[in-house]
Number of protein chains: 2
Amino acid sequence: MATIREVALAAGVSIATVSRVFNKNTPVNPDTAERVLQVAGRLDYWPNSAAQGLATRCTRTFGVMLPDLFGEFYSDVIRGIDQQARVHQYQILLSSSHSNSEDVLSASRAMLGRIDGLILMAPDESSHEIVERVRRRVPVVLLSPRTRVDDCHSVGIDNFCGAKEAVAHLVSLGHRQVAFITGPEGNVDAEERLRGFRQALTEAGRDTDEALVIPGDFHESAGFDACSTILEHSPRPTAVFAANDSMAIGLLAALQRRGCRVPEDIAVVGFDNVAIAGYLNPSLTTVNVDACGLGRQAVDLMLNAMEAKPGSDPVRQVIPAVLKVRRSCGAPSGADGESGAGSVLSMSPDFPRQEPKAANRGLTS
Amino acid sequence: MATIREVALAAGVSIATVSRVFNKNTPVNPDTAERVLQVAGRLDYWPNSAAQGLATRCTRTFGVMLPDLFGEFYSDVIRGIDQQARVHQYQILLSSSHSNSEDVLSASRAMLGRIDGLILMAPDESSHEIVERVRRRVPVVLLSPRTRVDDCHSVGIDNFCGAKEAVAHLVSLGHRQVAFITGPEGNVDAEERLRGFRQALTEAGRDTDEALVIPGDFHESAGFDACSTILEHSPRPTAVFAANDSMAIGLLAALQRRGCRVPEDIAVVGFDNVAIAGYLNPSLTTVNVDACGLGRQAVDLMLNAMEAKPGSDPVRQVIPAVLKVRRSCGAPSGADGESGAGSVLSMSPDFPRQEPKAANRGLTS
DNA sequence: TTGTATGCGTTATCAT
DNA sequence: ATGATAACGCATACAA
């Protein structure tokens with residue numbers, strides 16, 4: 001296909017002029033410009049953006065590296081990143097399924113020269129040194145950073161507080177035996193949620209019964225499988241907090257098949273506030289996480305970082321995670337409590353997600 | 001950071017040698033190789049892949065363009081693409097939210113020179129000519145192609161048959177009044193599902209009551225909102241087929257709040273077989289779509305296309321969509337039918353997804 | 001306003 | 001086995 005050289009030749013000008021016509025940063029004679037555009041159109045000339053990138057050292061592309069792509073959460077994060085990137089005319093070079101830091105390293109290398117910045121969710125703490133090596137070449141924004149790691153820009157969810165709030169709410173409803181279904185081992189978000197769970201119990205003057213901390217992996221089946229453990233434990237827990245909604249949903253299904261009523265016999269709370277949470281029966285009490293906003297914030301942070309002077313301090317942003325009370329935890333008291341199946345009147349969709357708003361309440365520390 | 005030149009200088013060799021050491025395609029003296037690697041390591045040299053791409057005209061990257069990123073479907077498609085691409089050491093340059101062909105055009109241009117192939121889900125039929133322009137520069141694989149479009153490689157879901165099968169099943173259960181909740185206007189998959197719906201009714205000797213074709217948009221709320229229309233129609237439909245699971249779930253919620261029992265009072269069938277479908281109450285009868293497999297197939301097709309000679313015929317692949325009968329449509333007869341809430345015994349997880357298998361049954365035409 | 005020439009960081013084709 | 005050197009396609013400083 002036509003290159004800038006062929007266009008120049010056909011238009012009877014130099015390649016510099018053609019370049020100028022397209023980049024409109026230098027004045028160029030309207031007539032010649034017209035002619036160049038004409039020729040370019042006829043030849044269907046498309047500039048080679050790889051070459052542009054090499055020459056300008058600017059690719060208008062962000063690298064995005066995630067450990068996984070399962071579930072709505074990551075999907076929403078990507079959507080947020082893509083949305084905001086799009087606004088600023090950036091593209092996304094995606095790479096996921098990084099189980100270890102080796103993967104992160106090789107993927108980063110493959111991205112070198114093709115991105116202006118990297119938005120990275122590191123798989124484990126060992127990624128630390130690799131992050132350092134990457135940072136020397138390209139700006140990095142960390143997603144769900146580990147606390148100890150680095151002085152790097154980052155955006156995270158306030159998992160700890162969200163979880164604490166959720167469990168505190170259960171406690172306030174009178175629950176003494178609360179079980180927890182964990183996320184995959186090594187997952188930062190999941191670990192913080194567990195920490196929040198413990199903290200809430202501690203603050204309630206109870207200590208955690210370790211037998212009630214049931215290992216999970218964020219998938220529905222883990223929640224489903226956790227059911228037996230929960231019901232067979234003695235004394236039987238009256239509430240369960242799942243580290244994410246998928247597992248909460250799996251658990252709900254299992255409980256219902258056992259003839260266990262939710263929330264009457266056992267209360268269930270999830271985390272994430274996935275799209276369908278409000279449409280379940282019973283509707284799922286959960287902690288709202290604006291995954292899409294997380295992605296958008298990451299991009300904004302990146303853009304700021306890129307135009308900041310190298311020495312400036314790292315910005316650490318935390319997106320609030322707030323409890324969204326619905327029916328699965330048992331209505332606290334008044335509110336619009338009951339309703340549910342049976343009432344013909346309660347047709348209010350119980351809007352399952354509180355949109356964008358929350359995103360910008362991110363706290364900077 | 002260090003470039004190949006600096007490594008060459010520090011190692012006392014030419015840049016050509018350094019290049020050879022890294023690409024191991026030309027024999028090089030073990031000693032000098034050793035020395036080069038040493039120096040490269042010390043300088044932490046990473047080859048610039050943009051420059052490599054320019055020189056080799058090979059980027060090991062696939063462009064992926066989707067109209068949207070909402071919901072599990074697209075997310076799974078991306079996951080499939082990423083998975084398979086990863087296997088072959090390719091990366092993904094992602095771009096979504098293309099509502100019209102203008103967007104597709106500009107995004108394609110921005111990708112030129114940075115991808116070896118483009119996996120494209122076109123937003124509308126007007127993209128036809130643009131696809132042609134793109135194809136002249138880079139191999140293209142179409143996702144969910146419109147039938148009329150081009151002689152281009154493509155992978156699609158067999159929406160028509162899947163939908164027909166679903167509705168035929170409802171008809172076989174005795175349902176005469178069946179409603180349909182459509183997908184977003186212009187969406188190929190959604191339109192094919194509608195076509196399958198109509199066809200099934202036609203084959204059953206009934207014609208479609210257009211008032212029962214209710215506009216939707218693939219979101220939960222559309223299903224929720226469709227409830228009124230459905231219940232108020234007379235004669236009242238005894239079954240509803242939603243163009244995707246999200247809407248089916250929204251509908252289930254609305255029906256339950258109205259005190260309408262599913263499947264006793266009204267049967268519901270969805271499309272997609274999302275992860276939670278089997279965990280709902282009642283579990284959702286739906287049409288299984290291997291979105292992840294779709295993505296993988298697209299990559300495989302692309303790889304084949306790239307090593308095929310330019311003149312060869314386009315490959316059109318269709319991934320089967322098969323009905324997955326669960327409880328929401330009413331058990332046909334025997335089977336493990338009833339159970340549901342109440343039975344303590346039925347703890348079989350009702351595996352919600354039939355994994356990979358189906359993907360490779362893709363039919364080539 | 002326009003053209004010339006150099007550089008971006010590689011790979012690859014020649015020589016040697 | 002290794003070293004010059006010409007691409008790759010474009011942007012841009014400098015000259016004119």
Side-chain angles (χ1 to χ4, degrees), chain A residues 1-37 39-40 43-61 108-116 136-138, chain B residues 1-37 39-40 43-61 108-116 136-138:
Chain A
M1 288 271 37
T3 71
I4 197 175
R5 224 177 306 270
E6 315 184 47
V7 174
L9 190 66
V13 297
S14 75
I15 64 171
T17 300
V18 177
S19 173
R20 285 191 270 257
V21 169
F22 277 84
N23 296 320
K24 358 180 171 280
N25 43 14
T26 311
V28 73
N29 184 309
D31 292 343
T32 54
E34 171 68 20
R35 184 156 38 95
V36 168
L37 286 175
V39 174
L43 268 49
D44 199 22
Y45 166 66
W46 290 10
N48 181 314
S49 32
Q52 289 180 316
L54 191 57
T56 60
R57 329 180 76 34
C58 167
T59 60
R60 295 209 81 80
T61 300
S108 301
R109 293 179 74 129
M111 285 184 173
L112 184 65
R114 309 167 9 130
I115 59 176
D116 296 339
R136 305 224 308 267
R137 323 182 192 244
V138 57
Chain B
M1 287 270 37
T3 71
I4 196 175
R5 225 176 303 269
E6 316 185 45
V7 174
L9 191 66
V13 297
S14 74
I15 62 172
T17 300
V18 177
S19 175
R20 283 191 273 255
V21 169
F22 277 85
N23 297 319
K24 0 177 170 278
N25 44 15
T26 311
V28 73
N29 185 309
D31 292 344
T32 55
E34 170 67 19
R35 185 155 36 95
V36 167
L37 286 175
V39 174
L43 270 49
D44 199 22
Y45 165 68
W46 290 10
N48 181 313
S49 30
Q52 289 181 317
L54 190 57
T56 59
R57 325 178 83 21
C58 168
T59 60
R60 293 206 85 78
T61 301
S108 301
R109 293 179 72 130
M111 284 184 173
L112 184 66
R114 310 167 8 132
I115 60 176
D116 295 339
R136 304 222 310 266
R137 320 178 197 247
V138 58

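What you see below is based on every heavy atom in this structure, not just the backbone, and it leaves out hydrogens, waters and symmetry mates. Since the model is a prediction, treat every value here as computed from it, not as a measurement. Within every chain, numbering begins at 1; the chains are lettered A, B, ... in the order of the sequence lines, protein sequences first and strands thereafter.
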Spacing of B/Glu6 atom CD relative to C/dG9 atom P, expressed in whole Å: 8 Å
Distance, nearest 0.5 Å, that separates OG of B/Ser108 from CD1 of B/Ile115: 7.0 Å
Base-contact (B) and sugar-phosphate-only (S) positions in nucleotides 5-16 of chain D, heavy-atom cut-off under 4.0 Å, - elsewhere: ---BBBBBB---
Residues that A/Ala33 engages under side-chain contact (heavy atoms from CB on, under 4.5 Å), provided they are two or more places apart: A/Val21, A/Val28
Overall bend - the helix from C/dT1-D/dA16 to C/dT16-D/dA1, comparing terminal axes fitted on five pairs, nearest 10 degrees: 40°
Separation of atom NZ in B/Lys24 from atom P in C/dA12, rounded to whole Å: 15 Å
Euclidean distance, B/Arg114 CZ relative to B/Thr61 OG1, rounded to 0.5 Å: 9.0 Å
Residues that A/Arg57 engages under side-chain contact (heavy atoms from CB on, under 4.5 Å), provided they are two or more places apart: none
Sequence neighbours excluded and cut-off under 3.5 Å, please list the side-chain donor-acceptor pairs for residues 2-12 of chain B, or say none.
from   : atom 1 : to     : atom 2 : distance (Å)
B/Thr3 : OG1    : B/Arg5 : N      : 3.2
B/Glu6 : OE2    : B/Thr3 : N      : 3.2

Smallest separation among heavy atoms of B/Ser49 and A/Met111, with atom names: OG-C, 3.9 Å
Least distance between heavy atoms, B/Arg109 atom then A/Tyr45 atom: NH2-O, 3.5 Å
Residue pairs passing the side chain to side chain donor-acceptor pair (under 3.5 Å) test where at least one lies in residues 20-35 of chain A, sequence neighbours excluded: A/Ser19-A/Asn23
